[in-house]
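Below is one structure, written out as structure tokens, with a few remarks after it.
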Amino acid sequence: MPLNPARRKFFSYLAASPFALHAQEFFPQKPQEAVNVFDLESAARKKLPPAHFGYLTTGVEDDATLRANRDAFSRYQLRPRRLIDVSKVSTEVELFGTRFTSPVLLSPTGSNKAFHEDGELAVARAAASRNTGQILSTSTTVSLEQVNEAYGAPVWYQLYATSSWAITEKLVKRAEAAGCKILVLTVDVPAGRKTETEVRFKRLDTRTCGACHGEGPIGMAAYFRRKPMFDGIDTAGISLFAPALTWESVRRLKQFTSMKLVLKGIVTREDAQLAREHGVDGIIVSNHGGRAEESGRASLECLPEVVAGAGLGMTILMDGGIRRGGDAFKAIALGARAVCIGRPYLWGLGAFGQPGVETAIDLIRTELDLVMKQCGTRTLGEIKPSHVQRSIL
Ligand SMILES: Cc1cc2nc3c(=O)[nH]c(=O)nc-3n(C[C@H](O)[C@H](O)[C@H](O)COP(=O)(O)O)c2cc1C
């Protein structure tokens with residue numbers, strides 16, 4: 001039915017209004033057109049096969065923890081200080097003896113070739129070009145050695161311990177031989193998870209998964225076959241997850257390797273205290289981007305108690321829901337020395353490859369630089385708890 005002129009006028013007014021512009025989804029054709037990282041998400045969703053975008057975007061069960069990660073940032077407000085000379089601001093951070101241009105590192109994420117043919121190589125080149133830290137997943141689809149070469153230095157290595165200690169040792173030895181200095185042990189997925197959004201996206205995909213993943217259900221055997229970290233390792237009957245992992249395993253690992261040990265996935269004061277007692281060097285406060293258990297609790301909300309439990313001297317990072325420089329600022333104000341992003345750089349990768357990852361890094365770092373100026377903080381060290389307040393609403 002044709003619109004009557006009055007309604008047509010109303011809708012064209014609405015479409016041109018700033019409100020509609022704000023609400024419209026924008027699909028950048030080039031990385032430079034992305035105004036924020038959400039634009040990269042739109043572009044990635046358009047480009048990627050539904051099954052792969054589902055793997056990228058999913059949380060677990062109702063995705064409540066995934067949403068909580070984001071929502072938490074809006075509960076903290078900024079308390080900008082005035083009349084401070086901010087003509088020079090530095091976002092640099094030193095972590096375990098290395099200086100990075102930005103305190104926003106790249107979280108470990110698996111199977112990057114599902115998002116772009118260059119996979120982890122594109123990520124490494126982007127991270128290197130921006131002097132940004134990269135944590136490489138055990139589930140990498142490019143070998144660790146090739147990634148280190150592309151990065152120009154050893155990356156941080158993220159370990160999934162697997163259900164076999166013998167394999168754990170092989171992975172750690174390989175990371176050491178490749179020159180890695182930081183070992184990030186992920187402790188938040190002991191025995192699988194229920195990724196319902198991923199399942200639903202897969203059903204939208206008309207392609208045959210078996211063409212790439214091999215026939216039959218995509219199980220552990222198919223998984224190991226496509227992951228270079230397991231080349232030459234007998235993985236029969238082995239699971240990537242390590243249900244028997246305990247604090248005793250952390251002690252063993254600490255004795256086994258000379259690398260700095262960082263635990264990823266600690267979310268309570270009690271476990272932060274135990275980490276300290278076990279000589280752990282750092283913690284990444286994380287719920288795996290809402291992809292582990294459906295706790296409903298945001299990473300940001302967990303951060304203060306982990307900082308308190310870990311005490312002075314431990315390096316605390318945080319990830320989960322960071323999309324803006326302002327989010328990084330709030331996490332640093334609450335005690336994180338640095339933060340990490342997962343999905344935002346994968347959106348960039350899926351949308352545009354290496355330049356997309358660079359854009360994600362640039363957008364968040366530039367926003368952080370601006371927020372620091374707006375709040376009167378010239379270095380990360382000047383960002384204090386008094387620069388944020390928790391909303392009373
Ligand atoms: C597609 C994808 C794959 C991931 N793979 C891993 C992994 O292999 N190892 C790991 O420790 N964490 C993994 N994570 C979790 C991230 O390291 C990180 O904790 C999370 O993405 C941070 O939240 P954000 O995506 O909201 O930034 C993955 C996350 C995503 C989105």
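Counting starts at 1 for both ligands and their atoms, in listed order.
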Among side-chain atoms of [X] and [Y], is any donor-acceptor pair under 3.5 angstrom?
X: S139; Y: Y223; answer: yes
X: D369; Y: T91; answer: no
X: E277; Y: Q273; answer: no

Please list the nearest protein heavy atom to [atom] with its residue and the distance rounded to 0.1 Å.
atom: atom 31 (C) of ligand 1; result: R291 NH1, 3.4 Å
atom: atom 11 (O) of ligand 1; result: T186 OG1, 2.7 Å
atom: atom 27 (O) of ligand 1; result: G342 N, 2.9 Å
atom: atom 12 (N) of ligand 1; result: K264 NZ, 3.0 Å
atom: atom 17 (O) of ligand 1; result: P108 O, 2.6 Å
atom: atom 18 (C) of ligand 1; result: D319 OD2, 3.1 Å
atom: atom 24 (P) of ligand 1; result: R343 NH1, 3.5 Å

[X]-ligand 1 polar pair, N/O distance under 3.5 Å:
X: I341; answer: no
X: S137; answer: yes
X: H288; answer: yes
X: P344; answer: no
X: G110; answer: yes

I'd like to know whether [atom1] of [X] has more than 12 heavy-atom contacts from other residues, nucleotides or ligands below 6.0 angstrom.
X: R81; atom1: CZ; result: no
X: E248; atom1: CD; result: yes
X: R200; atom1: CZ; result: no
X: E149; atom1: CD; result: no

Q: Indicate, as side chain, backbone, both or neither, the part of R323 found under 4.0 angstrom from ligand 1 when only non-hydrogen atoms are considered.
A: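 Only the side chain of R323 comes within reach of ligand 1.
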
**Q.** Residue part near ligand 1, for L346, under 4.0 Å between non-hydrogen atoms
**A.**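 Side chain only.
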
(Q) Would R70 count as a contact residue for ligand 1, given that I'm defining contact as a non-hydrogen atom of the residue lying under 4.0 Å from a ligand atom? (A)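 So R70 does not count as touching ligand 1.
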
Q.
When you measure from the heavy atoms of N69 to every atom of ligand 1, does any distance fall below 4.0 Å?
A.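 The answer is no, since N69 has no heavy atom less than 4.0 Å from ligand 1.
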
With heavy-atom distances below 4.0 Å as the criterion, list the atoms of ligand 1 near [X].
X: Q158; result: 7 (C), 8 (O), 9 (N), 10 (C), 11 (O)
X: L56; result: 1 (C), 31 (C)
X: S286; result: 19 (O)

**Q.** Geometric cation-pi criterion, R323 with F73: 6.0 Å, 45°
**A.**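 Ring-cation test returns no.
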
Q. Among N112, I322, L136, T109, which one has a heavy atom closest to atom 4 (C) of ligand 1?
A.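 It is T109 that holds the nearest heavy atom.
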
Q) Relative to atom 7 (C) of ligand 1, which among Y55, W347, Y345, Y160 owns the nearest non-hydrogen atom? A)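 Looking at heavy atoms only, Y160 sits closest to atom 7 (C) of ligand 1.
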
(Q) Can you confirm if the aromatic rings of F96 and W156 lie within a centre distance of less than 6.0 Å? (A)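 Yes, close enough.
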
Q | For C375, the option from I383, I84, L78 that meets side-chain contact (heavy atoms from CB on, under 4.5 Å) | A |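 So, applying the side-chain contact (heavy atoms from CB on, under 4.5 Å) to C375 and each of I383, I84, L78, only L78 qualifies.
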
Q: State whether the side chain of S102 and the backbone N or O of T132 hold a donor-acceptor pair below 3.5 Å, judged by distance alone.
A: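 Not confirmed, S102 side chain does not pair with T132 backbone.
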
Q) Is the side chain of T140 donor-acceptor paired with the backbone N or O of S143 at a distance under 3.5 Å, no angle test? A)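 No; judged by distance alone, with no hydrogens or angles, the pair does not exist.
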
(Q) Between R70 and D327, does any NZ, NE, NH1 or NH2 come within less than 4.0 Å of an OD or OE carboxylate oxygen? (A)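 Yes, charged N to carboxylate O under 4.0 Å.
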
